[in-house]
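Residue numbers run from 1 in the order of the sequence given. Model, not experiment: these values are computed from the prediction. All heavy atoms count here, side chains included; hydrogens, waters and symmetry mates do not.
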Amino acid sequence: MTADAVLFDLDGVLADSRRPIIDCVNQALVDVGLEARPEVEVERTIGPPAPIGFGELLGLAPDSATVTEAIRRYRALYVEALWDTPSYPGVPQAVRTLAEERLLGVATSKPLRYAEPVLEAIGLAGVFAVVAGPVPDGPDDKHAMVAQAVERLGGASAMVGDRRYDMEAAVGQGLAAIGVTWGFGSARELLDAGADVLVDQPADLLAVVRRMGRATPRAMPEIPPIGG
């Protein structure tokens, strides 16, 4: 059964986290003495690890003192605001139906201490056999989270995501890459990053996952030996 396991990204796929994240990011910027940014700019930061997202938003190095302080303040705000996160219409039903026939996992760049409450907030706590997210002093990139989820599930065949990071990690792990367009990435971004198929409506997700998830996963890229 594990060979047919399916991974999901969290923000932009399962959780419509746009409002709480944008509000908390802009409040954090104001709190550290910066100006709030247009919502469309903040939305582009949703997906990658926080240092990368804040760094790109502010035009600063991810490890700069300003980015670090903005993230600290953001997380203090978000730990309360996350409970107001909704899902997308039709997503919980599709996921619960799929869970009746497959093992499901979550692979997210959102720290695990926030990811698990968000799943509870959207009514999907307990649906996923594995939730892989960054922990203190551990890796936080999407490739590492997908690899961890695959290992803990004992294998998987597909990854469902809304940003290029999800598609790139799926390709890197030899999984079918399923892009959804109701999240934070564009169709062009997903296709350029290697998406095998795009899904525009949650109602269509079941059929696509069933088809792609039972297909033979893509071959892992051959890595030449050191010195070869």
Side-chain angles (χ1 to χ4, degrees), residues 1-21 46-47 78-79 81-135 138 140 142 144-163 165-167 169-170 173 175-185 197-215 217:
M1 183 174 182
T2 52
D4 286 331
V6 178
L7 301 182
F8 285 81
D9 179 42
L10 180 55
D11 293 325
V13 177
L14 302 173
D16 184 4
S17 48
R18 180 181 183 277
R19 187 77 269 146
I21 288 180
I46 302 176
Y78 184 65
V79 73
L82 66 82
W83 293 103
D84 294 325
T85 305
S87 186
Y88 294 92
V91 167
Q93 296 90 332
V95 169
R96 288 184 178 279
T97 300
L98 189 61
E100 295 175 0
E101 56 189 70
R102 308 285 185 88
L103 280 178
L104 304 183
V106 170
T108 177
S109 293
K110 183 187 290 294
L112 191 61
R113 65 182 181 275
Y114 305 128
E116 290 178 331
V118 166
L119 286 171
E120 184 175 347
I122 64 177
L124 290 175
V127 174
F128 298 93
V130 165
V131 180
V135 297
D140 61 3
K142 198 52 172 275
M145 295 304 100
V146 172
Q148 181 188 122
V150 170
E151 180 179 8
R152 290 170 60 189
L153 285 166
S157 59
M159 171 79 193
V160 183
D162 70 314
R163 295 296 310 273
Y165 311 97
D166 307 316
M167 302 298 97
Q173 290 296 312
L175 309 180
I178 301 172
V180 302
T181 60
W182 58 78
F184 302 112
V197 63
L198 298 182
V199 182
D200 296 323
Q201 300 292 332
D204 299 327
L205 185 60
L206 281 172
V208 172
V209 169
R210 284 167 176 161
R211 184 176 74 249
M212 300 296 296
R214 291 196 186 281

Measuring from atom OG1 of Thr108 to atom CD of Glu116, what distance do you get when rounded to the nearest 0.5 angstrom?
11.0 Å

For Arg19, check side-chain hydrogen bond (donor to acceptor under 3.5 Å, both in side chains) against everything at least two apart and list the hits.
Asp23, Glu39

Please tell me if the side chains of Lys142 and Asp9 come closer than 4.5 Å, counting only heavy atoms from C-beta onward.
yes

Pro134 and Ser109: which non-hydrogen atoms are nearest, and at how many Å?
CG-O, 3.4 Å

CZ of Arg102 to CG of Leu206, rounded to nearest 0.5 Å, is 10.0 Å

For Ala129 against Leu103, the heavy-atom pair lying closest together
CB-CD2, 3.9 Å

Are the charged groups of Asp11 and Arg163 less than 4.0 angstrom apart, N to O?
no

Heavy-atom closest pair, residues Val146 and Gln173:
CG1-CG, 3.6 Å

If only atom types and distance count, is the side chain of Arg152 paired as donor or acceptor with the main-chain N or O of Val131 below 3.5 Å?
yes

Ignoring hydrogens, what is the shortest heavy-atom contact between Ala81 and Pro20? Give both atom names and the distance.
O-CB, 3.8 Å

Flag, side chain of Trp182 to backbone of Asp200, donor-acceptor distance under 3.5 Å
no

Testing Asp4, Val95, Asp204, Val6 one by one against Val209 for a side-chain contact (heavy atoms from CB on, under 4.5 Å), which residue passes?
Val6

Is there a side-chain contact between Leu124 and Phe8 (heavy atoms, below 4.5 Å)?
no

Can you tell me how far CZ of Phe128 sits from CG of Leu7, rounded to the nearest 0.5 angstrom?
10.0 Å

Tyr78 vs Val118 side-chain heavy atoms within contact, under 4.5 Å:
yes

For Glu151, does the CD atom have more than 12 heavy-atom neighbours from other residues, nucleotides or ligands under 6.0 Å away?
no

Would you list the atom pairs, donor with acceptor, under 3.5 Å between side chains in residues 83-92 and any protein atom, with sequence neighbours excluded?
| residue | atom | partner | partner atom | Å |
| --- | --- | --- | --- | --- |
| Thr85 | OG1 | Leu82 | O | 2.7 |
| Ser87 | OG | Leu14 | O | 2.6 |

Which atom of Gly12 lies closest to which atom of Asp162, heavy atoms considered:
CA-OD2, 3.4 Å

Taking the side chain as everything from C-beta on, heavy atoms only, tell me whether Asp140 gets closer than 4.5 Å to Met145.
no

To the nearest 0.5 Å, how far apart are CE in Met167 and CG in Leu175?
10.0 Å

Nearest atoms (heavy-atom pairs only) where Arg210 meets Thr97:
NH2-CG2, 4.0 Å

